[in-house]
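Below is one structure, written out as structure tokens; the observations come after it.
Heavy-atom basis, side chains included; hydrogens, waters and symmetry copies ignored. Whatever order the structure lists them in is the order used to number ligands and atoms, beginning at 1.
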Amino acid sequence: MSDETPSRRAAAAFAQTAESGTPVAFADLVALLERIFLRHGTSERVAAILSENCASCERDGSTSHGVFRIPGYVGSLKSGWVDGRAEPTVEEAGPAFLRVDAANGFAQPAFLAARGRFLEMVRDNGVAVMAIRNSHHFSALWPDVEPFAREGLVALSFVNSFACVVPPGGKAAVYGTNPMAFATPVAGADPMVFDQAASSMANGDVRIAAREGHVLPAGSGVDRDGKPTTDPKAVLDGGALLPFGGHKGGSIAFMIEVLAAALTGGKYSREVDWSAHPGAETPCTGQLFIVIDPERGGTGAFADRVAGLIGEVKEAGQDRMPGERRYARRARTLRDGIPLAPARLAELRALAGDA
Ligand SMILES: NC(=O)C1=CN([C@@H]2O[C@H](COP(=O)(O)OP(=O)(O)OC[C@H]3O[C@@H](n4cnc5c(N)ncnc54)[C@H](OP(=O)(O)O)[C@@H]3O)[C@@H](O)[C@H]2O)C=CC1
Ligand SMILES: O=C(O)C1=NCCCC1
């Protein structure tokens, strides 16, 4: 399967390293990460949720949001910018609308605190919205939406982050890398899930490229003077990323600021200010979910129709659908272990306080 997105090309060397390290069983990686989170002040519930999420990203080859992120999680916890013991509050804003205040905690525990009631609303109404504010989203979005599709539902999720993306033709960073994810059931197959930033690439992949000494694909970003650059350090040091696809990606980044921040009460990416929290790496922003019961469409054959469409797309020449690379890697790593570079493993063990 080809991995030709700019993000993947920039992270290719890292990914190769990740394919050739020490194999670690998924459960062992979860346990190691859990010890790190607990050691750095999270509650047991938060540690369990974040460890599962981060290990799942590493397992599926979502390198920009796998164990690469752990020092950042630790930095954010140590700085006090994020509360690892936050108790989210869930409020019903209507028969199909949940408002969740993550209370300056991580997004996933807030989402999971509301998920049960949210599913009831989707089943009762055919559609429901969950608006999370004051949350720190440090990860990929697919782990949140894929399970909905496995339960027969169509799911959309939107997150804004911190200002590091210039609007098309602009000079100042206004948007975050602002990912969105979509998941749908497919008859007889794994769900089709795409999960993509509104920027040319994820900020995490720029940082990996900087660390590994790689250049970015042309058209990824600009330097501090607004000039096009392929140097990841110039993008990180006062420069910015570009939206993917020019004004079209710019409009998606805008929409995500509106859905994930304006609508939820989360901070705009531009408003994020962690200057008083040195070491913090995750913003206190927002996240929106829209989940639909496709049976309400009345066709009685929704998942079959999606499977048919995928068949036609492949027949037309697309070699694979989004998500298929992850599923293949998941099967491989659950069988053979998740390869971790020795330096990464040593770093994780040190953070866990292992001798
Ligand atoms: N929390 C946050 O604030 C942020 C999180 N992120 C996360 O970073 C991650 C990476 O984002 P991004 O760099 O944009 O992702 P990519 O460009 O790597 O991939 C985007 C999507 O395209 C699919 N895809 C890639 N190559 C192909 C192909 N050849 N044919 C068909 N589909 C393909 C991927 O599927 P597959 O996975 O199977 O390859 C994925 O669903 C995401 O998980 C995102 O949620 C990004 C920005 C901010
Ligand atoms: O990779 C990114 O872009 C981000 N990931 C986690 C939160 C901030 C942005």
Tabulation required: pairs of a nitrogen or oxygen in ligand 2 and a protein nitrogen or oxygen under 3.5 Å; columns are atom names and distance to 0.1 Å; otherwise 'none'.
{"from": "ligand 2", "atom 1": "1 (O)", "to": "H65", "atom 2": "NE2", "distance (Å)": "3.2"}
{"from": "ligand 2", "atom 1": "1 (O)", "to": "R69", "atom 2": "NH2", "distance (Å)": "2.8"}
{"from": "ligand 2", "atom 1": "1 (O)", "to": "N203", "atom 2": "N", "distance (Å)": "3.3"}
{"from": "ligand 2", "atom 1": "1 (O)", "to": "G204", "atom 2": "N", "distance (Å)": "2.9"}
{"from": "ligand 2", "atom 1": "3 (O)", "to": "T177", "atom 2": "OG1", "distance (Å)": "2.6"}
{"from": "ligand 2", "atom 1": "3 (O)", "to": "N203", "atom 2": "N", "distance (Å)": "2.8"}
{"from": "ligand 2", "atom 1": "5 (N)", "to": "H65", "atom 2": "NE2", "distance (Å)": "2.8"}
{"from": "ligand 2", "atom 1": "5 (N)", "to": "R69", "atom 2": "NH2", "distance (Å)": "3.2"}

### Message
Centre-to-centre under 6.0 Å for Y268 and Y175, is that the case here?
### Response
no
### Query
Can we call the ring centroids of F194 and W142 under 6.0 Å apart?
no
### Query
Considering only heavy atoms, does S139 approach ligand 1 within less than 4.0 Å through its side chain, its backbone, both, or neither?
backbone
Hey, looking at [atom], which of [options] has the closest heavy atom?
atom	options	value
atom 20 (C) of ligand 1	T63, D195, D205	D195
atom 14 (O) of ligand 1	G204, A260, A197, S62	A197
atom 27 (C) of ligand 1	H136, H137, H65, R320	R320

Using a strict 4.0 Å cut-off to heavy atoms of [X], name the atoms of ligand 1 that fall inside it.
X	value
R325	36 (P), 37 (O), 38 (O), 39 (O)
E324	38 (O)
Q318	31 (C)
S161	3 (O)
A140	43 (O), 45 (O)
F194	41 (O)
G323	35 (O), 36 (P), 38 (O)

Does [X] reach ligand 1 with a nitrogen or oxygen that is under 3.5 Å from one of the ligand's nitrogen or oxygen atoms?
X	value
F138	no
T177	no
L141	yes

### Query
Counting only heavy atoms not in K314, do more than 12 fall under 6.0 Å of its NZ?
yes
### Query
Is atom CD of Q318 surrounded by more than 12 heavy atoms (other residues, nucleotides or ligands) closer than 6.0 Å?
yes
### Task
Hey, can you tell me if F148 and F111 have their rings parallel, tilted or perpendicular (30° and 60° cut-offs)?
perpendicular
### Query
Does the cation-pi check pass for R59 over F26, that is, NZ or CZ under 6.0 Å from the six-membered ring centre and within 45° of its axis?
yes
### Message
Between D223 (side chain only) and D225 (backbone N and O only), is there a donor and an acceptor less than 3.5 Å apart?
### Response
yes
### Message
Using only atom types and a distance under 3.5 Å, with no angle test, would you say the side chain of H137 pairs donor to acceptor with the backbone of S139?
### Response
yes
### Message
If hydrophobic clusters are built by linking Ile, Leu, Val, Met, Phe, Trp and Tyr wherever their side-chain heavy atoms come under 4.5 Å apart, do V174 and L241 end up in the same one?
### Response
yes
### Query
In terms of hydrophobic clusters joined by side-chain contacts under 4.5 Å, are I70 and L32 together?
yes
### Query
Tell me, which pairs form a salt bridge (charged side-chain N to carboxylate O under 4.0 Å, His left out) where one or both residues lie in residues 95-120, sequence neighbours left out?
E91-R99, E92-R117, D101-R133, R115-E151, R117-E120
### Task
Test T177 against every option in S161, S199, S64, S200 by the side-chain hydrogen bond (donor to acceptor under 3.5 Å, both in side chains) rule and name the one that passes.
S161
